[in-house]
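As the structure is a computational prediction, the values presented were derived from the model and not from experiment. All chains are named by letter (A, B, ...) in the order of the sequence lines, taking the proteins before the strands, and each is independently numbered beginning at 1.
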Amino acid sequence: GAGVSQSPSNKVTEKGKDVELRCDPISGHTALYWYRQRLGQGLEFLIYFQGNSAPDKSGLPSDRFSAERTGESVSTLTIQRTQQEDSAVYLCASSLGDRDTDTQYFGPGTRLTVL
Amino acid sequence: DQQVKQNSPSLSVQEGRISILNCDYTNSMFDYFLWYKKYPAEGPTFLISISSIKDKNEDGRFTVFLNKSAKHLSLHIVPSQPGDSAVYFCAAALSGTYKYIFGTGTRLKVLA
């Protein structure tokens, strides 16, 4: 079956521009996560969506970052007025949402380069 | 403040030998731990997990050990195979939350 997909796979933008990253989770997965991985760093939690609950935005690094999710499907991560330090691989993951057996399935990521 | 640490950025092991990847954490409240494997240009894939009520979990060639008193977990791969060459991330979670805290990863190279 189809896994988590993300688009674009690569994005190069100029400092100050806005970018939008897309994630298509696995069908039926109620939980969706966004992570960021900077060069040489671990995965950094950004935001978590679970069903119709209010998202956990505690990992968003600044108000330039926002994310939306339509129901239990597609999510978009938007970065406004991009800065060079935003350059990273942005990973999306989804899971069934069952804590006991929860496994996060990751997409291939979007590599963002801010010039 | 790095709550989950993988102090070895890289590890090389001969094919057929044991690979041991280590992970330390600082928050004693973490009660669920996972290992993910990542190949270049791909997202991380789940490998194995362990709950804090256990000290060992085994799945084929992969075994995870948890030492709660030392706040330490390790992943053993035996025998190691060239296809195991990848970056391995450990992650920890707090009960009641889905927020996984990942380490910085260890790059394993299995030499043929």
Any donor-acceptor N/O pair, [X] side chain to [Y] backbone, under 3.5 Å:
X        : Y         : result
Ser80(B) : Arg17(B)  : yes
Asn67(B) : Ala70(B)  : yes
Thr63(B) : Asn57(B)  : no
Ser9(A)  : Thr110(A) : no
Tyr36(B) : Gln104(A) : yes
Ser85(B) : Val110(B) : yes
Ser62(A) : Arg64(A)  : yes

message = Suppose a student defines contact as a heavy atom less than 4.5 Å from any heavy atom of chain A. Which residues in residues 42-55 of chain B would they list?
response = Glu42(B), Gly43(B), Pro44(B), Phe46(B)
inquiry  = Taking 4.5 Å as the heavy-atom cut-off, does anything in residues 101-109 of chain B contact chain A, and if so which residues?
reply    =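 Heavy-atom contacts from residues 101-109 of chain B to chain A are Phe102(B), Gly103(B), Thr104(B).
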ask   = Does Leu43(A) belong to the same Ile/Leu/Val/Met/Phe/Trp/Tyr cluster as Leu60(A), with side-chain heavy atoms less than 4.5 Å apart forming each link?
value = no
key: Contacting region of Glu44(A) [heavy-atom separation from chain B under 4.5 Å]   =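 When you check distances to chain B, no heavy atom of Glu44(A) falls under 4.5 Å.
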remark   = Turns out that what part of Leu91(A) lies under 4.5 Å from chain B's heavy atoms comes down to side chain
task = Would you tell me whether Gln50(A) and Tyr33(A) have side-chain atoms, one donor and one acceptor, within less than 3.5 Å of each other?
result = no
query = Does a side chain donor of either Tyr48(A) or Ser58(A) reach within less than 3.5 Å of an acceptor in the other side chain?
reply = no
note = Among Gly107(A), Gly40(A), Gly42(A), the residue with the most heavy-atom pairs under 4.5 Å to chain B is Gly42(A)
query = Would you call Lys15(A) and Asp86(A) a salt bridge, taking side-chain N to carboxylate O under 4.0 Å as the test?
reply =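 Asp86(A) and Lys15(A): not salt-bridged.
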